[in-house]
Amino acid sequence: MKATIITQGRQFTISEGDIFSVNRYPETKAGDVVTIDNVIFAGEGADAKVGTPTIEGAKVTLKILENKRGKKIVIFKHRRRKGYYRRRGHRQELSVVKVESIVA
């Protein structure tokens, strides 16, 4: 079964057993279980359900495999002929999650 969920302002189309990365869930650690009830589409073929805006009673269970930091992004600002430049870096905090179950 496939489902489309909204978590942390982003949409993901997932199926059971998928592993993907999202922004870190606050105050969680590896092994914790997160339940998402913001399901906007579930099912396949004739059994598909579309939410208006979400499906009542539908939920997706995610298991956190690890919390990590993403790849470094360099932000570089420069003004030509002025001797001005700024260099900053950023690493996003991520959670790697696995889809345990989809209930629709």
Side-chain angles (χ1 to χ4, degrees):
M1 173 185 282
K2 288 189 174 187
T4 301
I5 61 170
I6 298 175
T7 180
Q8 299 173 337
R10 296 171 60 191
Q11 292 183 7
F12 296 93
T13 300
I14 56 173
S15 58
E16 289 187 22
D18 282 355
I19 297 173
F20 60 101
S21 296
V22 295
N23 290 337
R24 181 175 287 177
Y25 290 104
E27 299 182 14
T28 58
K29 57 183 182 289
D32 288 352
V33 176
V34 178
T35 303
I36 307 294
D37 58 355
N38 211 356
V39 180
I40 59 175
F41 180 83
E44 293 181 274
D47 298 330
K49 296 179 186 176
V50 179
T52 54
T54 60
I55 301 171
E56 289 293 325
K59 61 183 173 180
V60 175
T61 305
L62 305 174
K63 182 178 181 182
I64 297 178
L65 300 178
E66 70 172 314
N67 288 323
K68 65 178 189 175
R69 298 182 78 192
K71 192 176 127 183
K72 185 172 218 175
I73 298 172
V74 176
I75 297 97
F76 186 77
K77 298 180 180 182
H78 176 70
R79 301 286 182 259
R80 63 183 186 165
R81 298 185 307 268
K82 305 297 181 194
Y84 171 85
Y85 64 93
R86 292 288 179 265
R87 186 169 177 234
R88 303 268 187 240
H90 176 76
R91 290 182 72 183
Q92 185 67 38
E93 301 284 331
L94 301 173
S95 290
V96 178
V97 296
K98 180 179 182 179
V99 180
E100 293 289 310
S101 67
I102 299 172
V103 177

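Hydrogens, waters and symmetry mates play no part in the numbers below; they use all other heavy atoms, side chains included.
Here the shortest heavy-atom pairing between Val39 and Ala3 reads CG1-CB, 4.4 Å. Between Val99 and Ser15, the shortest heavy-atom contact is CB-O, 3.6 Å. Contact detail for Met1 and Ala104: the closest heavy-atom pair is SD-CB, 4.3 Å.
Using a 4.5 Å heavy-atom threshold, the side chains of Arg24 and Leu94 count as separate. Side-chain contact between Ile19 and Val96 is present, with heavy atoms from C-beta onward closer than 4.5 Å. Side-chain contact check for Val34 versus Val97: every heavy-atom pair is 4.5 Å or farther apart. Taking the side chain as every heavy atom from C-beta outward, Val22 and Arg10 never approach each other to under 4.5 Å.
In this structure, the separation between CZ on Phe41 and CD1 on Ile5 is 14.0 Å, given to the nearest 0.5 Å. Here the CD atom belonging to Glu93 is positioned 8.0 Å from the CG atom belonging to Asn67, to the nearest 0.5 angstrom. Rounding to the nearest 0.5 Å places NZ of Lys49 at 12.5 Å from OG1 of Thr54. Here NZ of Lys98 is found 12.0 Å from CG of Leu62. Values are rounded to the nearest 0.5 Å. Annotation: the span from Ile36 atom CD1 to Lys59 atom NZ amounts to 12.0 Å, rounded to 0.5 Å. Interatomic distance, OG1 of Thr7 versus CG of Asp37, reported as 10.0 Å (0.5 Å rounding).
The closest donor-acceptor contact from the side chain of Arg69 to the backbone of Gln92 lies at 3.5 Å or more, if one exists at all. Asp47 contributes no side-chain N or O that, together with a main-chain N or O of Glu44, makes up a donor-acceptor pair within less than 3.5 Å.
Under a hydrophobic clustering in which Ile, Leu, Val, Met, Phe, Trp and Tyr are joined whenever their side-chain heavy atoms come within less than 4.5 Å, directly or via other members, Val33 and Val60 fall into different clusters. Hydrophobic clustering of Ile, Leu, Val, Met, Phe, Trp and Tyr side chains at less than 4.5 Å, counting indirect connections, unites Ile102 with Phe12.
No more than 12 heavy atoms of other residues, nucleotides or ligands shown are found within 6.0 angstrom of OH on Tyr85. When the shell of 6.0 Å around CD of Glu56 is examined, it contains 12 or fewer heavy atoms from other residues, nucleotides or ligands.
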